[in-house]
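Owing to the predicted nature of the structure, the values given are computational and were not obtained by experimental measurement.
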Amino acid sequence: MSISASTRTAAREELLLIVDNERGVRELIGCTLAEAGYQTLTLGSGAQALRHLEEGARFDLIFVDLLLKDMRGDELIRAVASRYPGTDIAIMTANPSYETARFAVECRACGYFEKPFEDMSLLLERVEVILATRRKTREADKRVLELEELHRELAEQNAVLNRKVRVTQRNLKEQIHSQQKSREIFYTDLSRVMAILDNMADGIVFTDTMGKIILMNPAAAKVLESPTFVALGKPLTTILGNTELLSLLLAQRALPLGKDGVQVEVSTSSKELGEEAHYDILTNAVTDFQGKDCGVLSVIRDVSPRKKTERLKNQFLSIVAHELRTPVTAIKAFATVLHRGYRGAPPPEHLPILADMLSQSDRLGHEIDKVICLGRLDAADFAPDAQVVPASKLLKQVMPPFAAEAKEKKLSLSVTDEAGDATVNADLVDIRRAIRALIENAVKFTPEGGEIEVRLVANDDEVIFEVHDTGIGIPGNRQGMIFEKFIQLENPLTRQYGGSGLGLSFAAAIIESHGSKISVESAPEEGSTFRFRLPRSESAT
């Protein structure tokens with residue numbers, strides 16, 4: 001036990017107590033505070049601290065280490081808080097964790113210090129803030145007593161002044177009550193936020209500007225395979241666990257985080273599930289009320305169930321499509337035999353029926369092919385069978401079947417070919433299917449009398465395919481949906497255009513497999529323009 005006060009700086013009236021079983025730590029803190037002019041007492045056990053308090057010693061601030069030899073630090077803190085409520089308490093710990101932080105909030109400690117103390121000037125600054133707040137409170141209490149004494153002295157002489165003093169007193173009490181209520185509301189809201197974070201299914205990781213983990217909820221600890229109490233207060237680079245996810249989090253933080261942050265999808269192995277897991281990770285910068293950067297927040301969402309559902313759905317559709325192909329082929333073959341009279345000339349009135357059967361079986365077969373091809377495109381090992389193809393040749397092969405359909409709907413169908421001898425490196429069959437799907441979409445949704453133009457343009461670097469129509473158009477808020485499977489913008493109860501909703505999804509999957517993407521420009525009743533680009537390749541020799 002030792003007590004000291006320095007003569008290097010002006011002496012201060014506050015008396016501070018340091019309770020820590022590590023002599024070096026308490027001497028370091030005691031000497032540092034003494035050099036700053038504070039009167040300090042250092043003790044090595046909680047029992048000694050309680051004995052001094054019971055003997056009448058009163059301290060302005062008590063530093064308590066959570067790990068004491070004779071008793072737990074939290075027991076000493078609770079005892080001081082209950083018996084001597086006017087004493088401020090600061091918690092010290094060498095093992096910061098989520099639980100100790102919550103305990104500091106619950107016991108309303110005025111300070112929370114992490115050992116070892118690397119910057120003693122920072123400790124002095126925080127102590128001065130705590131004691132300055134205490135001095136202000138003491139001065140306010142002293143002022144109230146002075147006002148009350150003045151009120152008693154002048155009550156008989158001036159009734160008006162007496163009323164004013166009472167009003168002032170009442171206002172001060174209301175302010176104190178308001179401050180206490182605000183503080184209670186703050187701690188209540190903080191507890192609610194903590195409860196929400198603890199029970200969120202998404203993982204939350206927040207790091208400060210120095211890269212240290214300040215917050216990590218149980219969901220994040222589970223995904224990253226690192227306990228919260230181990231990770232808190234440490235740099236993200238030092239955490240051990242799921243190496244793939246941790247590396248991705250660090251890589252995201254190295255990118256420029258704009259207004260909407262950075263979002264990626266990652267696949268990684270899962271120890272718990274024993275299979276591949278999929279996560280969406282959104283990382284964004286966080287600013288305080290002054291607009292200054294205060295850290296980085298990452299939200300980790302497990303999308304494995306959705307991915308598994310999509311995979312099972314694709315497998316089911318592929319199986320159904322293959323099972324349907326055989327009977328549809330047989331129906332088409334029988335209808336062809338009857339329509340061509342191989343079993344005897346059919347009655348004239350049956351010919352339109354047989355022709356319609358052939359048309360509908362072709363249509364159904366086309367939709368079945370789309371489903372099968374989509375399953376092939378969604379396969380993890382899919383790669384296009386690329387070859388050098390003249391761009392103009394693609395249009396010549398694709399356009400003929402649409403002439404009759406456009407004529408039937410009284411549509412103006414034109415082709416603008418400005419590609420010259422430009423070639424692209426592409427899968428000939430799949431690219432033709434994608435272009436055909438875009439033209440089919442234009443023909444389907446362009447009313448009678450409308451116009452459709454297929455454009456082919458080449459520049460020094462790429463070949464641009466466009467399909468422009470004057471059809472019904474697409475609202476801006478729904479353009480992001482049209483490339484999803486089985487999506488149609490019509491009401492299913494009143495739809496008039498038909499189809500499975502696979503055409504655009506099918507085309508988009510093919511173009512993405514070639515490293516490009518389909519874009520759309522459209523507005524309701526003003527038509528649409530679908531466009532994709534492929535790099536030019538060297539002409540075949």
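When atom types are taken as modelled, the side chain of H468 and the backbone of E451 share no donor-acceptor pair closer than 3.5 angstrom. Within the 3.5 Å criterion, the main-chain N or O of V388 finds no donor-acceptor partner in the side chain of T423. In terms of modelled atom types and a separation under 3.5 Å, the side chain of R455 and the main chain of V415 share no donor-acceptor contact. Formation of a donor-acceptor pair under 3.5 Å by the K409 side chain with backbone atoms of V443 is found in this model. Of the possible polar contacts, none joining the R126 side chain to the S121 backbone as a donor-acceptor pair under 3.5 Å is found. A donor-acceptor contact shorter than 3.5 Å links the side chain of N459 to the backbone of D461. D430 places no side-chain N or O within donor-acceptor distance of the main-chain N or O of I510, the cut-off being under 3.5 Å. Panel note: side chain S516, backbone E512; no donor-acceptor pair is recorded below 3.5 Å.
What you find for T209 and G295 is that their closest heavy atoms are CG2-N, 3.9 Å. Closest non-hydrogen pair, A458 versus R536, comes out as CB-NH1, 4.1 Å. The minimum heavy-atom distance between S522 and G527, with the atom names listed, is OG-O, 3.0 Å. The minimum heavy-atom distance linking M216 with P227 is given by the pair CE-O, 3.9 Å. A391 approaches A419 most closely through the heavy-atom pair CB-CB, 4.3 Å.
You'll find the side chain of I431 stays beyond 4.5 Å of the side chain of V389, heavy atoms only. Residues I518 and L438 are in side-chain contact: their nearest non-hydrogen atoms beyond the backbone lie under 4.5 Å apart. V205 is not listed as a side-chain neighbour of L215, based on a closest heavy-atom distance of 4.5 Å or more. Under the 4.5 Å side-chain criterion, counting only non-hydrogen atoms from C-beta, F206 is not in contact with S298. Looking at D427 and H514, their side chains come closer than 4.5 Å, going by heavy atoms from C-beta outward. Looking at I91 and F113, their side chains never come closer than 4.5 Å, going by heavy atoms from C-beta outward. Residues L297 and T283 fail the side-chain proximity criterion, which asks for heavy atoms closer than 4.5 Å.
Here the straight-line distance linking atom CD of E125 with atom CE of M120 works out to 12.0 Å at 0.5 Å rounding. One distance of note links CG of L123 with NZ of K115; it measures 12.0 Å at 0.5 Å rounding. Annotation: the span from R436 atom CZ to N441 atom CG amounts to 14.5 Å, rounded to 0.5 Å. A distance of 4.0 Å separates CZ of F532 from CD1 of I511, quoted to the nearest 0.5 Å. In this structure, K222 NZ and N217 CG are separated by 12.0 Å, a value rounded to the nearest 0.5 Å. Summarising the geometry, atom NZ belonging to K444 is positioned 12.5 Å from atom CG belonging to D469; distances are rounded to the nearest 0.5 Å.
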Check against side-chain contact (heavy atoms from CB on, under 4.5 Å), L456 and I464: CA-CA 6 Å; L456 185 59; I464 305 169; over 6 Å; no
CA sep, side-chain torsions, deciding dist, call: E440, E405, side-chain contact (heavy atoms from CB on, under 4.5 Å): CA-CA 10 Å; E440 285 176 352; E405 189 173 354; 5.8 Å; no
Criterion side-chain contact (heavy atoms from CB on, under 4.5 Å) on V454 and I439, from CA distance to verdict: CA-CA 8 Å; V454 181; I439 300 174; 4.0 Å; yes
From CA spacing to verdict: side-chain contact (heavy atoms from CB on, under 4.5 Å), T446, T470: CA-CA 6 Å; T446 301; T470 58; 4.0 Å; yes
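Under the salt bridge (charged side-chain N to carboxylate O under 4.0 Å, His left out) criterion, E462 pairs with R533, not counting sequence neighbours. Judged as a salt bridge (charged side-chain N to carboxylate O under 4.0 Å, His left out), and not counting sequence neighbours, the contacts of R102 are D198. A search for salt bridge (charged side-chain N to carboxylate O under 4.0 Å, His left out) contacts involving R301 returns D202, not counting sequence neighbours.
Pairs passing the salt bridge (Lys or Arg N to Asp or Glu O under 4.0 Å) check and including a residue from residues 208-219, sequence neighbours excluded, do not occur. Here ring pair (Phe, Tyr, Trp, His ring centres under 6.0 Å) pairs that include residues 401-421, with residues two or more places apart or in two chains, number zero.
Under 4.0 Å is where a charged nitrogen must lie from a carboxylate oxygen, and between E521 and R531 at least one such pair does.
Counting heavy atoms of neighbouring residues, nucleotides and ligands inside a 6.0 Å radius, atom CD of E349 exceeds 12 of them.
Checked by atom type, the side-chain pair T93/T100 shows no donor-acceptor distance below 3.5 Å. Residues T529 and E466 have side chains that never bring a donor and an acceptor to within less than 3.5 angstrom of each other.
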Let me check something: any side-chain donor-acceptor pairs from residues 392-401 under 3.5 Å, sequence neighbours excluded? List them with distances.
unit_1	atom_1	unit_2	atom_2	d
S392	OG	D417	OD1	3.2
S392	OG	D417	OD2	2.8
S392	OG	G420	O	3.3
Q397	OE1	R432	NH1	2.7

